[in-house]
Amino acid sequence: MTVQPALFGPQIATADAELRAVAEELTERDPAGTKIARVLRRTYDMLLDGQHTGRYRWDQLFKTEKTHFGTLVEINLQRAFGFADGQAMDFAIRGVDVDCKFSQTPADWMIPPEAAGQLVLGLWASDDQGLWSLGLIRASTEVLTSSTGNRDRKRWLSPLGKAAVTWLYKNKPLPENALLRVPPHEAERVLTCSEHGARRVDMLFRLAQQRIISRIVVATVAQQEDYMKRIRGNGGSRSRLRPEGIVIFGHYDSHRGVAEQLRLPVPAPGSGESVSVRVARRRPHHKGLPFITLDGERWVVALAGDPVEPAPLLPGTKA
């Protein structure tokens, strides 16, 4: 990629070959930012540890856990891309030392004295907003605040510095935490339900229809070691919700194809993701809606006024 001069502040030199090299490496290896987004999602999930804690929101973390987020992101990013260790900074990209920083607000990265003059890879993410960004900047003196009165001499980007960040990925979608996308009182109702894990998983798939449900969300709701068994047919949610007209598509090729035909979110192959939806037999008022053919009949995504009727079996699914 070519770094556009307009991305830099007026007093900042644009001929930074090292910044350009790092930018090219990242955007060539992850053009859409999907790998970085997965790293951030994994880091949130690691800290929340929903399977054992039932937590699913950032504000449920302890202060020390929030502080640890940046370190975990750095570790997970290095593992995902295989970056070498840096000489003085966190890691090296195309032989360039890079300091990795995370902040809870965009470009609010804390720059320690040893990173002055170095290249900074800064990340921001918000699980509540479902967004993330990544930018690069050379932490030169002219883009940093004064360290006067700061005992550890750490500094932040000045307004000029924030304007000078080269954003490689700006406000990109974060893989969804479905529990944050249902009304808060409904999410709490699921998680505080006194029923056993299987019934809580049923409630999840009723409430969060037409959304990608990750295996981590299922684990958070089930809070059991064998949580994925709670979804399957032959006694799991897939069987129990059929009488209510609800089908649950998994990551299997046969399921993914059917979900795509109905223009639903499609679980990624091998991901353990699922998508639920209530379906109805196709009737004249469904004209123009995408449909699938199962059990010899045509089915569409049910409209609000459609009667509840037992759902068909999905390909390869046991009753």
Side-chain angles (χ1 to χ4, degrees), residues 56-57 127-131 173-195 197-218 220-222 230-233 235-252 254-268 271-317 319:
Y56 66 98
R57 301 191 316 267
D127 209 8
D128 288 335
Q129 297 179 52
L131 298 172
L174 188 68
E176 191 171 72
N177 176 352
L179 286 168
L180 291 175
R181 302 297 169 250
V182 299
H185 70 280
E186 295 284 15
E188 290 301 319
R189 186 162 68 90
V190 171
L191 289 164
T192 58
C193 174
S194 60
E195 296 277 357
R199 298 301 177 185
R200 291 196 297 271
V201 173
D202 291 351
M203 292 174 67
L204 169 68
F205 282 110
R206 286 192 194 99
L207 288 170
Q209 293 187 37
Q210 301 188 49
R211 293 188 178 279
I212 292 290
I213 306 292
S214 71
R215 63 190 307 143
I216 296 298
V217 167
V218 174
T220 300
V221 170
R230 308 305 159 198
I231 303 177
R232 299 171 187 166
S237 292
R238 194 169 276 128
S239 298
R240 287 192 300 273
L241 295 180
R242 271 189 69 213
E244 301 176 28
I246 296 173
V247 294
I248 302 175
F249 300 103
H251 61 226
Y252 319 107
S254 57
H255 287 200
R256 296 176 68 252
V258 178
E260 190 169 15
Q261 288 178 56
L262 288 175
R263 299 177 194 167
L264 296 168
V266 180
S271 63
E273 294 173 343
S274 306
V275 173
S276 63
V277 66
R278 187 169 76 88
V279 296
R281 286 182 175 83
R282 189 169 183 256
R283 296 175 173 85
H285 68 278
H286 294 134
K287 185 177 180 180
L289 295 180
F291 64 88
I292 55 175
T293 302
L294 292 173
D295 293 347
E297 296 195 69
R298 292 178 174 179
W299 299 85
V300 299
V301 173
L303 302 177
D306 287 331
V308 174
E309 53 191 324
L313 277 174
L314 293 176
T317 301

Are the side chains of [X] and [Y] in touch, meaning some heavy atoms are under 4.5 Å apart?
X      : Y      : result
Val182 : Leu204 : no
Val275 : Ile213 : no
Val279 : Pro312 : yes
Val301 : Arg263 : no
Ile292 : Arg298 : no
Val258 : Pro315 : yes
Phe205 : Val277 : no

[X] (side chain) donor-acceptor with [Y] (main chain) under 3.5 angstrom:
X      : Y      : answer
Arg200 : Val221 : yes
Asn177 : Leu179 : yes
Arg278 : Ala311 : no
Arg282 : Ala280 : no
Arg240 : Asp202 : no
His251 : Ala268 : no

What is the distance from atom [atom1] of [X] to atom [atom2] of [Y], rounded to the nearest 0.5 Å?
X      : Y      : atom1 : atom2 : answer
Glu297 : Glu309 : CD    : CD    : 8.0 Å
Leu294 : Arg281 : CG    : CZ    : 11.5 Å
His255 : Leu314 : NE2   : CG    : 4.5 Å
Thr293 : Trp299 : OG1   : CH2   : 11.0 Å

Heavy atoms only: give me the nearest [X]-[Y] pair and the separation to one decimal.
X      : Y      : answer
Thr220 : Tyr56  : CG2-CB, 4.5 Å
Ser237 : Ala198 : OG-O, 4.1 Å
Gln210 : Pro265 : O-CG, 3.4 Å
Glu244 : Val308 : O-CG1, 3.5 Å

Verify salt bridge (charged side-chain N to carboxylate O under 4.0 Å, His left out) between Arg57 and Glu188, making sure each step is shown before the conclusion.
CA-CA 11 Å; Arg57 301 191 316 267; Glu188 290 301 319; 3.0 Å; yes
Does the distance from a Lys or Arg side-chain N to an Asp or Glu carboxylate O, for Arg181 and Glu186, drop under 4.0 Å?
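Salt bridge absent between Arg181 and Glu186.
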Go through the structure and list residues passing side-chain hydrogen bond (donor to acceptor under 3.5 Å, both in side chains) with Gln261, not counting sequence neighbours.
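Not a single residue meets the side-chain hydrogen bond (donor to acceptor under 3.5 Å, both in side chains) criterion with Gln261.
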